[in-house]
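Step one of this worksheet: look at the structure below.
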There are 2 protein chains.
Amino acid sequence: MADPAIQIGELSRRTGCNIETIRYYERIGLMPAPPRRGRYRSYGSQDVGRLGFVRRARELGFTLDEVRALLGLAGGGPASCAEVRTLAASHLTDVRARIADLKRMERVLADSVQACDAGEDPGCPLIQSLYADRGPS
Amino acid sequence: MADPAIQIGELSRRTGCNIETIRYYERIGLMPAPPRRGRYRSYGSQDVGRLGFVRRARELGFTLDEVRALLGLAGGGPASCAEVRTLAASHLTDVRARIADLKRMERVLADSVQACDAGEDPGCPLIQSLYADRGPS
DNA sequence: TATGCCATCTGTAGCGGCTACAGACTCAAG
DNA sequence: CTTGAGTCTGTAGCCGCTACAGATGGCATA
């Protein structure tokens, strides 16, 4: 298979990743510094693959450090697979915790908006509830 | 009622808000600069109330700009209440969108971990799915 | 009075994960 | 030869804190 060299703009188009972000990933060592044609960065299909991987991992909410780890583990046999699983499972726990947090917020907000709609209270129910002292921590 | 002056440490304890954060809120104009006893900031019960308000609004996920707006609307009659409602409703929409995002992540992650457990696949299912090209954007 | 020791002070820099410039250059087409 | 799009480097900004360093303040104890 041919591997035609592409420039950063094309890489950006193919992966949906911002040009500035690509250069940022290079700066922080998440993407390797590609060879240059003249002054311009010259990418190949491997870069498209790797950057796509990064983007998809980011969409799943992995931090850049986690993505780095995943990249290191990619293609490393069954032992690596177990490590990947651990990483994913712990990230999943995170995600679920964040969902739980947001649901708590959602409930309170929805209640407040409702109280507002139903409201014959003297004063705004949401403001009132924000002023209500439930003590520290 | 007396309004005994308290120092920043006590304000922190009463509100559960970090000392550095209190000073930060002052710098950005979210909390007023209090009078000083000597060089030390001297707070009263109003400050405890206001900071508690801020903290609770933050816990509901309002941005600092939104909190600023809410503070401006607090205690402003029924017209303000409508504005507060609008703000809260739009924030609620945000929160719901974030929940939806996270749930999408959760599903994919949970599936991947499961595939990993069930796995007799050649190669790590999660890694594979991250490499799978679903095209740009 | 000297000595700790904690609380507080100011100022600045760092985190993550980008994003947004400014100002220079390269390169192909018209 | 000029124009325009693409790319380059470098730096600074965003949010919402958090974490220092290094100087004071004020109180209790020896």
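Per chain, numbering begins at 1; letters A, B, ... match sequence-line order.
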Can you tell me how far [atom2] of [N] sits from [atom1] of [X], to the nearest Å?
X: Arg39(B); N: dG26(D); atom1: CZ; atom2: C1'; value: 13 Å
X: Leu30(B); N: dC15(D); atom1: CG; atom2: C1'; value: 13 Å
X: Glu20(B); N: dA7(C); atom1: CD; atom2: C1'; value: 12 Å
X: Glu26(A); N: dG17(C); atom1: CD; atom2: P; value: 19 Å
X: Arg55(A); N: dC18(C); atom1: CZ; atom2: P; value: 12 Å
X: Glu10(B); N: dT8(C); atom1: CD; atom2: P; value: 9 Å
X: Arg13(A); N: dA5(D); atom1: CZ; atom2: C1'; value: 11 Å
X: Ile19(B); N: dT10(C); atom1: CD1; atom2: C1'; value: 14 Å

Would a 4.5 Å heavy-atom cut-off, applied to side chains only, mark [X] and [Y] as touching?
X: Cys17(B); Y: Ser12(B); value: no
X: Tyr43(B); Y: Ile22(B); value: yes
X: Phe53(A); Y: Leu70(A); value: yes
X: Val95(A); Y: Phe62(A); value: no

Next item on the list: Classify the side chain of Tyr24(B) versus the base of dT18(D) as yes if they form a donor-acceptor pair under 3.5 Å and no if they do not.
Entry: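 A donor-acceptor contact between them is absent.
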
Notebook entry, point to check: Checking only heavy atoms, does the side chain of Tyr40(A) share a donor-acceptor pair with the base of dG6(D) at less than 3.5 Å?
Noted result: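 For Tyr40(A), whose side chain was compared with the base of dG6(D), there is a donor-acceptor pair (under 3.5 Å).
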
Margin query: Are more than 12 heavy atoms, taken from residues, nucleotides or ligands other than Gln114(B), located less than 6.0 Å from that residue's CD atom?
Written below: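 12 or below, so no.
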
Notebook entry, point to check: Are OP1 or OP2 of dG16(D) and a side-chain N or O of Tyr25(B) less than 4.0 angstrom apart?
Noted result: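 For Tyr25(B), the contact criterion (side-chain N or O under 4.0 Å from OP1 or OP2 of dG16(D)) is not met.
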
Check: So, is Asn18(A) near the phosphate of dC18(C), with a side-chain N or O under 4.0 Å from OP1 or OP2?
Finding: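 For dC18(C), neither OP1 nor OP2 has a side-chain N or O of Asn18(A) closer than 4.0 Å.
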
Given [options], which nucleotide is nearest the side-chain atoms of [X]?
X: Arg41(B); options: dT7(D), dT26(C), dC9(C); value: dC9(C)
X: Gln7(A); options: dT8(C), dT7(D), dG17(C); value: dT7(D)
X: Arg36(B); options: dC9(C), dT19(C), dC20(D); value: dC9(C)
X: Thr21(A); options: dT26(C), dC8(D), dT19(C); value: dT19(C)
X: Leu64(B); options: dC18(C), dG16(D), dT26(C); value: dG16(D)

Item checked: Nearest-nucleotide comparison on DNA chain C, the residue closer to the 5′ end among Arg37(A) and Arg23(A) ->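 In this pair, the answer is Arg23(A).
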
What is the nucleic acid contact for [X], judged by heavy atoms within less than 4.0 Å: base, sugar-phosphate only, or nothing?
X: Gly38(B); answer: nothing
X: Ile28(B); answer: nothing
X: Phe62(B); answer: nothing

Item checked: Which atom of Thr63(B) lies closest to which atom of Arg58(B), heavy atoms considered ->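 Thr63(B) and Arg58(B) have their closest heavy atoms at CA-NH1, 3.8 Å.
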
